[in-house]
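Taking it in order: structure first as structure tokens, then the write-up.
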Amino acid sequence: SLGLGALAGCGGSPERSGARPPNIVFIMADDLGYGELGCYGQEKIKTPHIDQLAAEGLKFSDAYAGCTVCAPSRSVLMTGFHTGHTSVRSNPGGVPILPEDVTVAELLKPLGYATGCFGKWGLGDIGTEGVPWKQGFDEFVGYLHQAHAHYYYPEYIYDNAEKLPLKGNEGKGRGTFSHDIIADRSIQFIERNKDRPFFCYAPFTIPHSEYVVPEDDIYSSYSDKFEEPEFPERSNRPDRLIRPEKPHATLAAMITRLDRDVGRLLKRIDDLGLRENTIVFFTSDNGAAAANWTQYFNSSGPLRGAKGSFYEGGIRVPMIVRWTGRVKPGSTSDLPWAFQDFLPTAMELAGGTPPRNIDGI
């Protein structure tokens, strides 16, 4: 397959004789631009753990998301069909994938994999056939509808079909930052399934708007560091969804918080002795959000355009893969590939056979 051809830095078959198939961890940020990581040229935002992941693995320069916006991109990733063939081809919110759609999770389960999804699903709201627990996932914690995922202090998120209340968020309170719970649950899933193959899909919500972050040490490290734009119309636009008081500091803190939790997840894999038998992917669902203030960070790097655009800045995304002992550390590849190629690659890694009619290779 395309994916394994690029990944085979150390030779050998994907499933070693006598060993269990590899654990597969797929971490996906939301609206993270091509130029917003240090390993892709970012100079103002700190991403040490993701940069270390790139140093320990393979960095792609020409990997492509499934689409320029959220839902179609995720549909491509889950089904192996490109945007013209996959079920969800637009982004109004709540459009479900179909009962007959076969996801990567549905294909991995019969091969003995535990399957978990933690973050923003975006492929079917409660009451539809598109919910993750009807699409192959044993466990889901996060947001079903992408509009719900626009808020980081909601009163609840979902734990499979049940509402999971978030302490202190009642009445627009800010007690629990949802991303922190989601990151914790992804790590707990790995801990519980350490003795069997697992597929941990972590489509984290940050740094998508709403632009808000806890005012902790991460935020404090940026709060007085950057030039901040003036938004004179703020008094007429009180919603914090679009424009926080310090947008540069907020975006930087969101990305560094993402980086922190990627580091926590990777450390737990190491602590459990799973590094050599776990392949980790890290990417973004589309290009950087097209807010004017992302120009300050050169969020699309050398690429034209941003989220929502079919120029490269809208669809070319960071993509890092680490598989210790199998992928050469510090390597790079300019091989073009896209989200539809993940499903057949995951199936080959797991020792299975992908559906014949898909678009990915």
ILVMFWY network linking [X] to [Y], side-chain heavy atoms under 4.5 angstrom:
| X | Y | result |
| --- | --- | --- |
| F137 | L98 | no |
| W323 | F26 | yes |
| V262 | Y219 | yes |
| L303 | Y311 | no |
| I27 | Y143 | yes |

Which residues pass the side chain to side chain contact (heavy atoms under 4.5 Å, CB included) test with [X], sequence neighbours left out?
| X | value |
| --- | --- |
| P92 | S90, V95 |
| H208 | D30, D31, K120, H150, Y152, K307 |
| E191 | I187, Q188, R268, L272 |
| P96 | T128 |

Aromatic rings H82 and H85: how do their planes relate, parallel, tilted or perpendicular, breaks at 30° and 60°?
parallel

Evaluate the ring planes of H179 and F177, with Trp represented by its six-membered ring, and classify them as parallel (under 30°), tilted (30 to 60°) or perpendicular (over 60°).
perpendicular

Which residues satisfy the side-chain hydrogen bond (donor to acceptor under 3.5 Å, both in side chains) test with Q146, sequence neighbours excluded?
N91

Sequence-distant partners of D224, side-chain hydrogen bond (donor to acceptor under 3.5 Å, both in side chains), two or more places apart:
K246

Hey, what do you get for [atom1] ([X]) to [atom2] ([Y]), rounding to the nearest 0.5 Å?
| X | Y | atom1 | atom2 | result |
| --- | --- | --- | --- | --- |
| F204 | R257 | CZ | CZ | 12.0 Å |
| C39 | F282 | SG | CZ | 8.0 Å |
| S220 | I218 | OG | CD1 | 10.0 Å |
| L266 | R322 | CG | CZ | 5.0 Å |
| F118 | T205 | CZ | OG1 | 14.0 Å |
| I206 | D261 | CD1 | CG | 6.5 Å |

Distance-minimising heavy-atom pair for [X] and [Y]:
| X | Y | value |
| --- | --- | --- |
| C67 | T83 | SG-CG2, 4.1 Å |
| F199 | Y113 | N-CD2, 3.8 Å |
| A346 | L108 | O-CD2, 4.2 Å |
| P72 | T86 | O-CG2, 4.4 Å |
| M254 | E210 | CE-O, 3.6 Å |

Please determine which of L274, T278, N277, V280 meets the side-chain contact (heavy atoms from CB on, under 4.5 Å) test together with P22.
N277

Look at the side chain of [X] and the backbone N and O of [Y], then say whether any donor-acceptor pair between them is shorter than 3.5 Å.
| X | Y | value |
| --- | --- | --- |
| S73 | C70 | no |
| N193 | I190 | no |
| S284 | N286 | yes |
| T103 | Q135 | yes |
| T176 | S178 | no |
| T332 | K59 | no |

Are F339 and Y64 an aromatic pair, judged by ring center distance below 6.0 Å?
no

Quick one: do I279 and V321 satisfy side-chain contact (heavy atoms from CB on, under 4.5 Å)? Show the steps, please.
CA-CA 7 Å; I279 182 166; V321 180; 3.8 Å; yes

Listing request: all side-chain hydrogen bond (donor to acceptor under 3.5 Å, both in side chains) pairs with a residue in residues 33-43, at least two apart in sequence or in separate chains.
E36-S299

Taking side-chain hydrogen bond (donor to acceptor under 3.5 Å, both in side chains) as the cut-off, I'd like each qualifying pair that reaches into residues 156-165, sequence neighbours left out, listed once.
D159-R185

F226 CZ: over 12 foreign heavy atoms closer than 6.0 Å:
yes

Does a sphere of radius 6.0 Å around CG in N357 hold more than 12 heavy atoms from other residues, nucleotides or ligands, not counting ones at 6.0 Å or beyond?
yes

Applying salt bridge (Lys or Arg N to Asp or Glu O under 4.0 Å), name anything that partners [X], two or more places apart in sequence or on another chain.
| X | value |
| --- | --- |
| D51 | none |
| K134 | E129 |
| E170 | none |

Presence of salt bridge, [Y] and [X], under 4.0 angstrom:
| X | Y | value |
| --- | --- | --- |
| D270 | K267 | no |
| R326 | E276 | no |
| D180 | R260 | yes |
| E312 | R304 | no |

Check whether any side-chain heavy atom of P203 lies under 4.5 Å from a side-chain heavy atom of D285, and answer yes or no.
no

Would you say that P244 contacts V212 through its side chain, given a criterion of any heavy-atom pair below 4.5 Å between the two side chains?
no

Check against salt bridge (charged side-chain N to carboxylate O under 4.0 Å, His left out), E56 and R275:
CA-CA 11 Å; E56 294 174 350; R275 177 193 275 248; 3.3 Å; yes

May I have all residue pairs that pass salt bridge (charged side-chain N to carboxylate O under 4.0 Å, His left out) and include part of residues 82-110, sequence neighbours excluded?
K109-D138

Between Y201 and T115: side-chain donor-acceptor atoms closer than 3.5 Å:
no

